[in-house]
> 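Attaching a single structure in structure tokens format; questions to follow.
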Number of protein chains: 2
Amino acid sequence: MLMHNPPHPGEVLKELCIEPLGITVTDAAKGLGISRKTLSSILNGKAGISPEMAVRLSIAFNTSSESWLNQQSQYDLWQAEQHRNELHVTQLSAA
Amino acid sequence: MLMHNPPHPGEVLKELCIEPLGITVTDAAKGLGISRKTLSSILNGKAGISPEMAVRLSIAFNTSSESWLNQQSQYDLWQAEQHRNELHVTQLSAA
DNA sequence: GAGCCCTGTTACGTTATAGGTTACAATTCA
DNA sequence: TGAATTGTAACCTATAACGTAACAGGGCTC
């Protein structure tokens, strides 16, 4: 179970990939084969990392697509867990 | 890196949770607080497991929400990886 | 056979999100 | 000053996760 708020994957992408390489958002978007707006949205936490985007990132930065998508899942799941007690779900047992 | 086609999470849900308990899809849907159609779609591989659904499953079956969402991620990622060579992405390196 | 339950599925709707293009404003820098 | 960079807003499309209502078929039981 996750205990602390995981960072948005876009944050990690910016700090660990874009900034260290010293490349512009514009050039990174070109390399990724996506629009500058899409990358900007991700970097600023306005959009998530889709499965296809995870593959793109893995190619461009020679990383693991799993790590990117897992980061996104952890992030999404943490948000969902915040509303766990609002869900009307009952324990299920044998009939 | 995933090497083999992961099963659809709905398959796992059916075989490891619904069938062993001997409960009907209708009753399981009621317990989960979702419509029978939604559960049916998941069980038959027509829909994925959303973050919120992962939390519902974790409550109803006393399991880990992470495991459900991770299964879905693995499944989605495998699909995306099948088109890895169709993406126009270039390696990114220091400017 | 008649009735009932369970199931998958179709049709219709809403809502959210990823992605695109275009354009604008603000900033930085040569 | 002029060019580059960036975030963002407006507008579009496609996909997907939900819901309800309705239907058809299979199975079970009086």
Side-chain angles (χ1 to χ4, degrees), chain A residues 8-11 13-15 17-19 21-58 60 65 68-69 71-73 75-80 82-83 86-89 92 94-95, chain B residues 8-11 13-15 17-19 21-57 59-60 65 68-69 71-73 75-80 82-83 86-89 92 94-95:
Chain A
H8 190 282
E11 243 179 88
L13 177 59
K14 185 196 292 185
E15 293 170 11
C17 297
I18 308 286
E19 289 178 350
L21 288 181
I23 54 180
T24 67
V25 175
T26 303
D27 286 344
K30 285 177 188 166
L32 286 165
I34 61 177
S35 75
R36 179 174 65 86
K37 185 222 166 186
T38 297
L39 180 56
S40 177
S41 296
I42 293 175
L43 295 179
N44 292 286
K46 308 293 178 59
I49 294 181
S50 66
E52 182 184 301
M53 193 64 66
V55 176
R56 288 182 188 274
L57 293 174
S58 74
S65 59
W68 291 113
L69 200 55
Q71 279 183 64
Q72 186 64 49
S73 291
Y75 182 82
D76 292 339
L77 191 53
W78 195 86
Q79 310 291 332
Q82 301 311 110
H83 305 100
E86 300 168 23
L87 304 178
H88 302 165
V89 183
L92 256 24
Chain B
H8 190 281
E11 243 179 87
L13 177 58
K14 185 197 294 185
E15 295 170 11
C17 297
I18 307 286
E19 290 179 348
L21 288 182
I23 54 180
T24 67
V25 175
T26 302
D27 285 345
K30 284 177 189 168
L32 286 164
I34 62 177
S35 75
R36 179 174 64 87
K37 187 221 166 184
T38 297
L39 180 55
S40 176
S41 296
I42 293 175
L43 294 178
N44 292 286
K46 309 293 177 58
I49 293 181
S50 66
E52 183 186 301
M53 192 64 66
V55 176
R56 288 182 187 272
L57 293 175
I59 300 174
S65 59
W68 290 113
L69 200 55
Q71 278 182 64
Q72 186 64 48
S73 291
Y75 182 82
D76 292 340
L77 191 52
W78 194 86
Q79 310 290 333
Q82 302 310 111
H83 306 99
E86 299 167 23
L87 305 177
H88 302 165
V89 183
L92 256 27

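Just so we're on the same page: letters track the sequence lines, and every chain starts at 1. This is a predicted model, so every value here is computed, not measured.
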> Base, sugar-phosphate alone, or nothing: which one does Ser35(A) contact when heavy atoms must sit under 4.0 Å apart?
base
> From CD1 of Ile34(A) over to C1' of dT21(C), roughly how many Å is that when rounded to an integer?
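Distance, rounded to whole Å: 14 Å.
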> List for me each residue that meets side-chain contact (heavy atoms from CB on, under 4.5 Å) alongside Glu86(A), sequence neighbours excluded, and say none if there are none.
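Partners of Glu86(A) under the side-chain contact (heavy atoms from CB on, under 4.5 Å) test: His83(A).
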> Would you mind reading off the distance between His8(B) atom NE2 and dA16(D) atom P, rounded to a whole angstrom?
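Distance, rounded to whole Å: 11 Å.
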> Just to confirm, is there a sub-4.0 Å distance from OP1 or OP2 of dC18(D) to any side-chain nitrogen or oxygen of Ser50(B)?
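Affirmative; the distance criterion is met.
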> Separation of Glu52(A) atom CD from dG19(C) atom C1', in whole Å?
9 Å
> Without decimals, in angstroms, what is the distance between Leu32(A) CG and dG20(C) C1'?
15 Å
> Only counting residues at least two apart or in another chain, list the ones meeting side chain to side chain donor-acceptor pair (under 3.5 Å) with Ser40(A).
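With sequence neighbours excluded, Ser40(A) shows a side chain to side chain donor-acceptor pair (under 3.5 Å) to Asn44(A), given in chain and number order.
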> Return the set of residues passing side-chain contact (heavy atoms from CB on, under 4.5 Å) with Glu15(A) (not counting sequence neighbours), or none when no residue passes.
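By the side-chain contact (heavy atoms from CB on, under 4.5 Å) rule, Glu15(A) matches Glu11(A), Glu19(A).
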> If I take atom OH in residue Tyr75(B) and atom C1' in nucleotide dA16(D), what distance separates them, rounded to the nearest angstrom?
14 Å
> Using the side-chain contact (heavy atoms from CB on, under 4.5 Å) criterion, which residues pair with Gln82(B)? Sequence neighbours excluded.
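With neighbours one apart ignored, the set is Trp78(B).
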> Between the protein and nucleotides 25-29 of chain D, list every N/O to N/O distance that falls short of 3.5 Å.
none

> Using the salt bridge (Lys or Arg N to Asp or Glu O under 4.0 Å) rule, collect all pairs that involve residues 36-54 of chain B, keeping only residues at least two apart or in two chains.
Glu52(B)-Arg56(B)
> Please identify each residue that fulfils side-chain contact (heavy atoms from CB on, under 4.5 Å) with Ile59(B), with sequence neighbours left out.
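Scan of Ile59(B) (side-chain contact (heavy atoms from CB on, under 4.5 Å), adjacent residues dropped) gives Arg84(A), Val89(A), Val55(B).
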> Could you encode protein contacts along nucleotides 25-30 of chain C as a string, one character per nucleotide from 5' to 3', using B for base contact, S for sugar-phosphate-only contact and - for no contact, with a heavy-atom cut-off of under 4.0 Å?
------
> So Ile42(A) and Met53(A), do their side chains get closer than 4.5 Å, heavy atoms only?
yes
> With the side chain counted from C-beta on, respond yes when Tyr75(B) and Ile49(B) share a heavy-atom pair under 4.5 Å apart, and no when they do not.
no
> Does any N or O donor sit under 3.5 Å from an N or O acceptor when you compare the side chain of Lys37(A) with the base of dG20(C)?
yes
> Checking Ser35(B) now: which residues fulfil side chain to side chain donor-acceptor pair (under 3.5 Å) with it, not counting sequence neighbours?
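Only Thr38(B) meet the side chain to side chain donor-acceptor pair (under 3.5 Å) criterion with Ser35(B).
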> Has the side chain of Gln72(A) got a donor or acceptor atom that lies under 3.5 Å from a matching backbone atom of Gly48(A)?
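Pair absent, no side-chain N/O of Gln72(A) close to backbone of Gly48(A).
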> Who passes side chain to side chain donor-acceptor pair (under 3.5 Å) against Ser41(A), sequence neighbours left out?
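With neighbours one apart ignored, the set is empty.
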> Can you pull every protein N or O that's under 3.5 Å from an N or O on nucleotides 3-7 of chain D?
from: dT6(D); atom 1: OP1; to: Val25(A); atom 2: N; distance (Å): 2.9
from: dT6(D); atom 1: OP2; to: Val25(A); atom 2: N; distance (Å): 3.1
from: dT6(D); atom 1: OP2; to: Thr26(A); atom 2: N; distance (Å): 2.9
from: dT6(D); atom 1: OP2; to: Thr26(A); atom 2: OG1; distance (Å): 2.9
from: dG7(D); atom 1: OP2; to: Ser40(A); atom 2: OG; distance (Å): 3.2
from: dG7(D); atom 1: N7; to: Arg36(A); atom 2: NH1; distance (Å): 2.8
from: dG7(D); atom 1: O6; to: Arg36(A); atom 2: NH2; distance (Å): 2.9

> I need the CG-P distance between Leu39(B) and dT20(D), as an integer number of Å.
14 Å
